Structure formats: C-alpha cells, structure tokens
Amino acid sequence: MDAEHSADEGGQSSTSEGEPPEPGPEDRVTIRLATGAASFDADWVASRLESVLEILGNEGATTIGRVAIRVVDDAEMDRLHQKHSGIAGTTDVLTFVEDEPEGLGVDLVACIDEARRRADDLGHDVGREILLYAVHGVLHGLGHDDHDPDAHARMHAEEDRLLELVGVGPVYGRGGGA
C-alpha cells in the first residue's frame, strides 16, 4: 500500500471544486498532499492507519472499505470548515462518511498548518499529528463523538489505545489536538 502523493497543475491537491478527497483505485488508504505539505512521511502515516483499520476490523467495528485523506493549508481548511460546518476558521480535521458496497468510505480533510503548530508545540513529528487526525476522523466515521466531556475523554482514550497498539504511542494523551 502506497500513499498517493499528487498535485494538480495549480500546485494544490484537489478534487472537484476542492471537496473531500477521492480514493485511489487500488489503495485502502490514500493521502493527497497539497503543495508544501510533504513535511511528513505519508507512507508511514498510511501504513499505520492501515494497521489501525485492521485492529478495528478484528475487534468487530463496522468495516471501513477505504479512507482518503486530503491534506490542505489553513486557507482551504477555513473555506471547507465554513462550507460544511458553518464555522469560520481553520480546524484540524473534517470527516465525511458514506456507505459503500465494501464498507464505509471515510473521506478526511486534514490541515497541515494546524498539524505543524501542534507538533511544534508538543515536540513531535508532524506525521504523528496527521496520523492522530486520521484516527480521529475514522473514529468519527464509526460514530464516536467528542462534543461532551465524557464522550471526549472516551474518544481520545480510544485514539491513544489504537496508536499504542500500532507502536506509535499516545499522541493526544501527550497533549495533541484533534
């Protein structure tokens, strides 16, 4: 499984009208990078996320057929956040889910600028932060919520549990965002 690194002629990774990413034809996990976003190892993120998906499947979670991640900058995230959530300003990750014949299709938009800020603040690699955003988005796709304090604690504990199981260790529990 390889992460997809692609950009259109304008330098931005895109889909129709800058919407959520589209999956690659063969890969279960696809990562599309905007120009300047290649400050992390997308193949490492994709392989760890694939391991998380295997763990979730083995534990009886709803089947996730694919995950497509588009990594964008603050300006694009602000635009998408306003369009899809009605909230001005950037955010770490947006999640879009659809039922597909092979299981859930989870489309994520992750903000590289937010990931860089958080990784710098916490002293870890940007790839770890992007992986946290991906796991967070997958859990949202499976129905986890983080809008009240108890649900927030459960969801973030689950993120760290999964990241421990794939050998990354806790990211959110170390003060990461998502």
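Throughout, residue positions are numbered sequentially from 1 according to the sequence presented. As the structure is a computational prediction, the values presented were derived from the model and not from experiment. Atom set for the values below is all heavy atoms of this structure, side chains included, hydrogens, waters and symmetry mates excluded.
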Problem set entry | Any Asp74 side-chain heavy atom under 4.5 Å of Arg117 side chain | yes
Exercise. Hey, are the side chains of Leu163 and Pro170 touching, using non-hydrogen atoms and a 4.5 Å cut-off?
Worked result: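 The answer is no; the side chains never approach within 4.5 Å.
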Exercise. When rounded to the nearest 0.5 angstrom, what distance separates CD1 in Ile64 from CD in Glu102?
Worked result: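 Spacing of CD1 (Ile64) from CD (Glu102) equals 11.5 Å.
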Exercise. In terms of side-chain geometry, is the basic nitrogen of Glu76 or Arg79 positioned less than 4.0 Å from the acidic oxygen of its partner?
Worked result: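 Yes, charged N to carboxylate O under 4.0 Å.
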Problem set entry | Heavy-atom side-chain proximity of Leu139 to Leu162 below 4.5 angstrom | yes
Exercise. Going from CG on Leu80 to CD1 on Ile87, what distance comes out if it is rounded to the nearest 0.5 angstrom?
Worked result: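 Output value for this atom pair is 13.0 Å.
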Exercise. Just how far is it from atom CD1 of Ile55 to atom CG of Leu165, taken to the nearest 0.5 Å?
Worked result: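 Here the interatomic distance stands at 4.5 Å.
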Exercise. Are Val93 and Glu114 side-chain neighbours, meaning at least one heavy-atom pair lies under 4.5 Å?
Worked result: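 Result no, sub-4.5 Å side-chain heavy-atom pair not found.
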Exercise. For the salt bridge (Lys or Arg N to Asp or Glu O under 4.0 Å) test, which of Arg66, Arg32, Arg70 pairs with Asp107?
Worked result: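 Exactly one candidate clears the test, Arg66.
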Problem set entry | Asp146 side chain reached by His156 side chain, heavy atoms, under 4.5 Å | yes
Exercise. Is the closest side-chain heavy-atom distance between Leu104 and Thr63 below 4.5 Å?
Worked result: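 In short, these two side chains do not touch, never coming nearer than 4.5 Å.
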For this session: State, with a plain yes or no, whether a side-chain heavy atom of Val29 is found less than 4.5 Å away from one of Val45.
Result: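 When only atoms from C-beta onward are counted, Val45 and Val29 do not touch, as no gap falls below 4.5 Å.
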Exercise. Does the pair Asp121 and Glu129 meet the rule for a side chain to side chain contact (heavy atoms under 4.5 Å, CB included), with working shown?
Worked result: CA-CA 11 Å; Asp121 287 349; Glu129 196 69 18; over 6 Å; no
Problem set entry | Atom of Cys111, atom of Ile130 and distance for their closest heavy-atom approach | O-CD1, 4.4 Å
Problem set entry | Reported CG-to-CZ distance for the pair Leu53 and Arg28, which is rounded to 0.5 angstrom |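 It is 4.5 Å, given to the nearest 0.5 Å.
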Problem set entry | Which atom of Leu108 lies closest to which atom of Val67, heavy atoms considered | CD1-CG1, 4.0 Å
For this session: Using a strict 4.0 Å threshold on nitrogen-to-oxygen distance, state whether Arg116 and Asp113 make a salt bridge.
Result: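 Salt bridge present between Arg116 and Asp113.
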Exercise. Should Tyr133 and Ile69 be marked as a side chain to side chain contact (heavy atoms under 4.5 Å, CB included) after you check the CA-CA gap, both sets of side-chain angles, and the distance that decides it?
Worked result: CA-CA 10 Å; Tyr133 298 172; Ile69 305 166; over 6 Å; no
Problem set entry | Heavy-atom closest contact (Ala42 atom, Leu33 atom, distance) |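 Closest approach of Ala42 to Leu33, heavy atoms only: CB-CD1, 4.4 Å.
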For this session: Mind running side chain to side chain contact (heavy atoms under 4.5 Å, CB included) on Leu132 and Glu159 for me, showing each step along the way?
Result: CA-CA 7 Å; Leu132 172 65; Glu159 291 165 1; 3.3 Å; yes
For this session: Could you pull out the closest heavy-atom pair between Ala134 and Leu49, with the gap in Å?
Result: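 Closest approach of Ala134 to Leu49: CB-CD2, 3.8 Å.
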Exercise. Roughly how far, to the nearest 0.5 Å, is CG of Leu94 from NE2 of His81?
Worked result: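 So the NE2 of His81 and the CG of Leu94 are separated by 6.0 Å.
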Exercise. Minimum heavy-atom separation for Thr91 to Met77, with atom names?
Worked result: O-CG, 3.3 Å
Problem set entry | Closest non-hydrogen atom pair, Val138 against Val106 | CA-CG1, 4.4 Å
For this session: Apply side chain to side chain contact (heavy atoms under 4.5 Å, CB included) to Val168 and Trp44, showing your working.
Result: CA-CA 11 Å; Val168 174; Trp44 179 87; 3.8 Å; yes
For this session: Look up atom OG in Ser51 and atom CD in Glu54, then write down how far apart they are to the nearest 0.5 Å.
Result: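 Between atom OG of Ser51 and atom CD of Glu54 there are 5.5 Å.
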For this session: Take His136 and Asp92 through the side chain to side chain donor-acceptor pair (under 3.5 Å) test and state the conclusion after the steps.
Result: CA-CA 10 Å; His136 185 83; Asp92 47 10; 5.5 Å; no
Exercise. Heavy atoms, side chains only, cut-off 4.5 Å: are His144 and Arg154 in contact?
Worked result: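 Contact flag for His144/Arg154 side chains = no.
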